[in-house]
Protein chains: 2
Amino acid sequence: MNIENTKTQMSKGIFEYCILSLIRNEDKYASEIIEIFSKTKFDIVEGTIYPILTRLKNASYLSYYWQESNQGPPRKYYKITPEGLLFLNQLDEIWSDIEKSVKQIINY
Amino acid sequence: MNIENTKTQMSKGIFEYCILSLIRNEDKYASEIIEIFSKTKFDIVEGTIYPILTRLKNASYLSYYWQESNQGPPRKYYKITPEGLLFLNQLDEIWSDIEKSVKQIINY
DNA sequence: TATAGTACTATGTAATACAAAGTACCAAAC
DNA sequence: GTTTGGTACTTTGTATTACATAGTACTATA
């Protein structure tokens, strides 16, 4: 039980919410998402991002399309679906509840 | 992929932090902790609490002692160790980072 | 053609919550 | 004394998700 692992465990489960949030207002491809995450204190790697995107796509919360790139191979852009938006709105609520509950417990 | 499971996954990993926080200022036994949690929007059950307490004890972050009860069987009180306090201070930092990172991403 | 950079796919392993089953102790009722 | 109900603790198999890793594929450049 070390601090790095605990940090990972604490972040685990929040990534889906974060990724959907990123895609809420603008379609994105995986490497773009990884780049954005790298600017936060989250440590997330591609081995995590891709399965999450696939999972969300399989659940019909995201759709995708391919777009040529002038910097390398084509990119797979993800776009949030109406169902995805509904789901995400619920996740907003849940995250808010979690923050409040943690605060409640820390200040107990 | 349903909302209940996602809620669970989002909370998962935070419970260790919460339990250590509860024990920070005052020794506690399991059922007491469950009772406090029941007043928050966390859904946590004994099947989770006990293994967490055991894990933290095995990592030397908690110590314990038995105390007779006049309402039933004896209670196993947990007390945070100096190492546990150090660890918890780190978790305070990590949680703060996580909150900031989520906010950063939501507002991206 | 080979190399470098960019992008995507898949999987075995590790970690943690939960449902569930079970054990144990004490007090009250019979 | 025995049974019942309430209280408290222990254990474990299953489900889920992140990560390290290995690999494939496309485009531009040397």
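Just so we're on the same page: letters track the sequence lines, and every chain starts at 1.
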query: Just how far, in rounded Å, is P of D:dA18 from OH of A:Y17?
result: 16 Å
- prompt: Atom CD of B:E35 to atom C1' of D:dG6: distance rounded to whole Å?
  reply: 15 Å
- prompt: Between C:dT16, D:dA8, C:dC18, which one does the side chain of B:V45 approach most closely?
  reply: C:dC18
task: Using distance alone, with no hydrogens and no angle criterion, decide if A:K7 and A:S11 have a side-chain donor and acceptor under 3.5 Å apart.
output: no
message: Taking the basic N atoms (NZ, or NE/NH1/NH2) and the acidic carboxylate oxygens, is any pair closer than 4.0 Å for A:E26 and A:K79?
response: no
field: Nearest-nucleotide comparison on DNA chain C, the residue closer to the 5′ end among B:S11 and A:K76
entry: A:K76
Shortest side-chain distance from A:I44, nucleotide among D:dC19, D:dT7, D:dT11: D:dC19
- prompt: Got a donor-acceptor pair under 3.5 Å from the side chain of A:K12 to the base of C:dT16?
  reply: no
message: Looking at B:Y64, I'd like to know if the NZ or CZ of B:K76 sits under 6.0 Å from its six-membered ring centre while staying within 45 degrees of the ring's axis.
response: yes
query: What is the distance from CD of B:Q71 to P of D:dT7, rounded to the nearest Å?
result: 7 Å
query: Has the side chain of B:E46 got a donor or acceptor that lies under 3.5 Å from a partner of the other kind on the base of C:dC18?
result: no
message: Can you measure A:Q9 atom CD to C:dA17 atom P for me and round it to whole angstrom units?
response: 8 Å
message: By nearest atom, which of the nucleotides D:dC9, C:dC8, D:dT27 is closest to the A:S31 side chain?
response: C:dC8
query: Taking only N and O in the side chain of B:N5, is any of them less than 4.0 Å away from OP1 or OP2 of C:dA17?
result: no
- line: On DNA chain D, more 5' by nearest nucleotide between A:E16 and A:G47 is A:E16
statement: Whichever of B:I52 and A:P51 has the more 5' nearest nucleotide on DNA chain C, that residue is A:P51
From C:dC18, D:dC9, C:dA7, nucleotide with atom closest to A:Y50 side chain: C:dA7
- request: Looking only at side-chain atoms of B:T8, point me to the closest of C:dA17, C:dC8, D:dC19.
  value: C:dA17
message: In this structure, how many angstroms lie between the P atom of D:dT10 and the CG atom of B:L56, rounded?
response: 14 Å
query: Quick one: which of C:dT9, C:dA17, C:dT16 gets closest to the side chain of B:T48?
result: C:dA17
query: For residues B:T8 and B:K12, is any side-chain donor paired with an opposing acceptor at under 3.5 Å?
result: no
query: Is any side-chain nitrogen or oxygen of A:R55 closer than 4.0 Å to OP1 or OP2 of D:dA18?
result: yes
query: Picking from C:dC18, D:dA25, C:dC8, which would you name as closest to the side chain of A:P73?
result: D:dA25
query: Just checking, any donor-acceptor pair under 3.5 angstrom between side chains of A:N25 and B:Y108?
result: no
- request: Would you mind reading off the distance between B:I14 atom CD1 and D:dT17 atom P, rounded to a whole angstrom?
  value: 15 Å
statement: Of the candidates C:dC18, C:dT6, D:dT27, the side chain of A:P74 sits closest to D:dT27
- prompt: Taking atom types as modelled and ignoring hydrogens, do the side chains of A:N89 and A:E93 form a donor-acceptor contact shorter than 3.5 angstrom?
  reply: no
- prompt: Whole Å only: how far is the CG atom of B:N2 from the C1' atom of D:dT16?
  reply: 11 Å
- prompt: Quick one: B:K7 NZ to C:dC18 P, roughly how many Å, whole number?
  reply: 10 Å
